[in-house]
Q: 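Before we start, here is the structure in question, set down as structure tokens.
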Amino acid sequence: MSIKKYQFFLNTGQHQFDIPNVSLGNSIPKIIYQTYKNRSALKPEWIKNIQKICKLNPEWEYHFFDDNEVEEFIFLEYGEKFLKQYLAISPELGPARADLFRYLLLYKKGGVYLDIKTTLTKPLDSVLNVDDVYILSHWPNQLYQPKELIHLNYQEIIQWAILAAPGHPFLRNVINNVLGNLQVYNPWLHGVGKRGVLRITGPYAYTCAIESIRHKYSFRFTNITAELGIYYSLYELWDEFKSKADNENHMSVHGHYSRSKQLILSRKNISTFLYRILHNN
């Protein structure tokens, strides 16, 4: 089945950006990265989680990026053109911006990227091999296969945790495809809000980019939750945050993103103009 049936001209890598060449490292650097809009907006449980991650991994560096630091990194490491593309993504769709940032960050620097609510139950040194250069994993216990990925015959590759050596070709191809997707984005074809993010910058784009070349390069495939102790959300594990009030509060963070009708980015073209007029956007 052709990918274009569901991805609508995406994942072709057609763009005018010069992605820098980064030599492939021979291991995953001992650096953990997380990002959120600003430190003052971190919830108490997220701060506690950061402390736990650092305590579990005393030999690892930990780096937190707020929005200003993300912009500074992209400008310094990739230049003004990349930064303008990043800033063109709707600020209402923070996950889309975070998607592009994590790919750019780990391609240049390597290390371990974790979403802000992702938690660890094992020290990374106890589960990573010295010769690991990339870890791939499917969603644990995923009950359905997105129609966009049905041609692959398995579920999406998770990208809420990315473990990579710098310069890995997987990440270069992901960046290539995401930049291309942003150039051809059309709200009528590719969707808005969460659905658009999944296709343009998120796990569907990530999975398609890696799947197309994964037979060519080194990686280790594993269940990162069962084998590596990396959990999507601390809310799955921590009893003190499993109350109804905390879960409702947690969901509210994602509620806006999930219900959003925001365009991934706006263009001065007829498709964007008509969409805004017809949807009062």
Side-chain angles (χ1 to χ4, degrees), residues 1 3 6-7 10-11 13 22-34 53 56-57 60 98-100 102-115 117-178 198-199 201-233 236-237:
M1 179 179 293
I3 189 174
Y6 293 119
Q7 292 292 67
L10 299 179
N11 302 305
V22 179
S23 298
L24 175 60
N26 56 16
S27 63
I28 297 171
K30 292 188 176 185
I31 312 172
I32 300 166
Y33 301 103
Q34 291 186 292
I53 289 170
L56 264 178
N57 299 280
W60 286 60
D99 286 338
L100 179 56
R102 75 190 69 178
Y103 310 143
L104 295 173
L105 173 65
L106 288 193
Y107 178 62
K108 261 302 182 77
K109 301 297 184 181
V112 174
Y113 170 88
L114 304 173
D115 273 1
K117 64 187 180 303
T118 297
T119 194
L120 306 179
T121 60
K122 300 177 182 179
L124 290 168
D125 282 336
S126 71
V127 295
L128 292 180
N129 302 326
V130 293
D131 59 350
D132 280 332
V133 292
Y134 213 97
I135 302 295
L136 292 181
S137 181
H138 294 158
W139 266 95
N141 304 318
Q142 188 172 10
L143 299 179
Y144 73 97
Q145 184 177 30
K147 64 184 181 181
E148 288 86 352
L149 305 180
I150 199 165
H151 67 293
L152 301 179
N153 297 316
Y154 61 74
Q155 291 77 27
E156 71 200 55
I157 300 172
I158 64 105
Q159 43 84 277
W160 41 265
I162 301 177
L163 301 87
H168 199 287
F170 287 172
L171 285 168
R172 182 181 178 86
N173 207 43
V174 172
I175 294 168
N176 185 56
N177 281 13
V178 168
L198 292 173
R199 287 174 170 162
T201 65
Y204 300 169
Y206 181 78
T207 301
C208 290
I210 291 175
E211 172 61 19
S212 66
I213 62 169
R214 76 170 183 159
H215 62 287
K216 297 180 180 180
Y217 302 103
S218 297
F219 65 93
R220 175 158 64 104
F221 194 90
T222 186
N223 182 321
I224 66 169
T225 298
E227 301 299 326
L228 306 189
I230 304 175
Y231 282 77
Y232 172 66
S233 173
E236 300 174 55
L237 301 178

Q: For a 4.5 angstrom cut-off between non-hydrogen side-chain atoms, does Ile135 reach Leu128?
A: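 SC-SC contact between Ile135 and Leu128 confirmed.
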Q: Could you tell me which non-hydrogen atom of Ser212 sits nearest to which non-hydrogen atom of Asn173, and how far apart they are?
A: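 Here Ser212 and Asn173 meet closest at OG-ND2, 3.3 Å.
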Q: Under 3.5 Å, side chain of Thr201 to main-chain N/O of Asp99, donor-acceptor pair present?
A: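 Side chain of Thr201 to backbone of Asp99, a donor-acceptor pair under 3.5 Å: no, none is there.
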Q: Where do Phe219 and Arg214 come nearest, in terms of heavy atoms and distance?
A: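 Heavy atoms of Phe219 and Arg214 come nearest at CE2-O, 3.3 Å.
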Q: Taking all atoms of both residues into account, what is the closest heavy-atom pair of His138 and Ile158, and its distance?
A: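 Residues His138 and Ile158, closest heavy atoms: C-CG2, 3.7 Å.
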Q: Would you compute the distance between atom CD1 of Ile224 and atom NZ of Lys122 and round it to the nearest 0.5 angstrom?
A: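 With rounding to 0.5 Å, CD1 (Ile224) is 11.5 Å from NZ (Lys122).
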Q: Looking at every heavy atom in both Tyr33 and Gly111, which two are closest together, and how far apart are they?
A: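 That closest heavy-atom pairing would be CE1-CA, 4.3 Å.
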Q: As a test of understanding, state which of Leu106, Leu163, Leu24, Leu171 forms a side-chain contact (heavy atoms from CB on, under 4.5 Å) with Tyr134.
A: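 For Tyr134, the side-chain contact (heavy atoms from CB on, under 4.5 Å) test succeeds with only one of Leu106, Leu163, Leu24, Leu171, which is Leu171.
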Q: Output the distance between atom CZ (Arg102) and atom CH2 (Trp160), rounded to the nearest 0.5 Å.
A: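 So the CZ of Arg102 and the CH2 of Trp160 are separated by 11.0 Å.
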Q: Side-chain contact, heavy-atom cut-off 4.5 Å: Phe170 with Tyr206?
A: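 Side-chain contact under 4.5 Å: no.
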Q: Rounded to the nearest 0.5 Å, what separation is found between the CG atom of Leu114 and the CD1 atom of Ile162?
A: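 Going from CG on Leu114 over to CD1 on Ile162, the span is 10.0 Å.
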Q: Under 4.5 Å between any side-chain heavy atoms of Arg199 and Glu148, yes or no?
A: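 Answer yes - side chains close enough.
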Q: Quick one: pull up CD in Glu211 and CD in Glu156 and give me the separation to the nearest 0.5 Å.
A: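 Between Glu211 CD and Glu156 CD, I get 13.5 Å after rounding to 0.5 Å.
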Q: I'd like to know whether Lys108 forms a side chain to side chain contact (heavy atoms under 4.5 Å, CB included) with Leu105, so could you lay out the CA-CA distance, the side-chain angles of the two residues, the decisive distance to 0.1 Å, and finally the verdict.
A: CA-CA 5 Å; Lys108 261 302 182 77; Leu105 173 65; over 6 Å; no
Q: Evaluate the side-chain proximity of Lys117 to Ser233: yes if any heavy-atom separation is below 4.5 Å, no if none is.
A: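 Sidechains of Lys117 and Ser233: in contact.
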Q: Give, for atom CG of Leu228 and atom OG1 of Thr121, the distance between the pair rounded to the nearest 0.5 Å.
A: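 Rounded to the nearest 0.5 Å, the CG-OG1 separation comes out at 9.5 Å.
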Q: Could you check Leu56 against Ile53 for side chain to side chain contact (heavy atoms under 4.5 Å, CB included), going step by step and ending with a plain yes or no?
A: CA-CA 5 Å; Leu56 264 178; Ile53 289 170; 5.9 Å; no
Q: Identify the heavy atoms of Leu149 and Cys208 that sit nearest to each other, and give their distance.
A: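 That closest heavy-atom pairing would be CD2-SG, 3.7 Å.
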Q: State, yes or no, whether a side-chain contact exists between Tyr204 and Leu10 at a heavy-atom distance under 4.5 Å.
A: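 They are not in contact (no side-chain heavy atoms under 4.5 Å apart), so the answer is no.
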Q: Stepwise, does the side chain to side chain contact (heavy atoms under 4.5 Å, CB included) test hold for Arg220 with Asn129?
A: CA-CA 10 Å; Arg220 175 158 64 104; Asn129 302 326; 3.5 Å; yes
Q: Side chains of Tyr113 and Gln159: is there a donor and an acceptor less than 3.5 Å apart?
A: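 No.
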Q: Can you find a pair of side-chain heavy atoms, one from Ser218 and one from Val133, that are under 4.5 Å apart?
A: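 A side-chain contact exists here, since the closest heavy-atom pair is under 4.5 Å.
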Q: Are Leu124 and Ile32 side-chain neighbours, meaning at least one heavy-atom pair lies under 4.5 Å?
A: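 Counting from C-beta outward, Leu124 and Ile32 do come under 4.5 Å.
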Q: Go through it in stages, so that I can follow the logic: the residues are Val112 and Ile230, the test is side chain to side chain contact (heavy atoms under 4.5 Å, CB included), and I'd like the CA-CA distance, side-chain angles, deciding distance and then a yes or no.
A: CA-CA 11 Å; Val112 174; Ile230 304 175; 5.6 Å; no
Q: Could you work out, with salt bridge (Lys or Arg N to Asp or Glu O under 4.0 Å) as the rule, every residue matching Asp131, not counting sequence neighbours?
A: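 Result, salt bridge (Lys or Arg N to Asp or Glu O under 4.0 Å) vs Asp131: none returned.
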Q: Determine whether the side chains of Gln34 and Asp115 contain a donor N or O and an acceptor N or O closer than 3.5 Å.
A: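 The criterion, which ignores hydrogens and geometry beyond distance, is not satisfied for Asp115 and Gln34.
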Q: With heavy-atom distances below 4.5 Å as the criterion, would you say the side chains of Glu236 and Thr119 are in contact?
A: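 Of all side-chain heavy-atom pairs linking Thr119 with Glu236, none is under 4.5 Å.
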Q: Looking at every non-hydrogen atom in both residues, tell me the closest pair between Ala164 and Pro29 and how far apart they are.
A: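 Answer, listing the atom of Ala164 first, then Pro29: O-CD, 3.7 Å.
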Q: Out of curiosity, Asn177 CG to Asn11 CG, how far, rounded to the nearest 0.5 Å?
A: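 The CG atom of Asn11 is 4.5 Å from CG of Asn177, to the nearest 0.5 Å.
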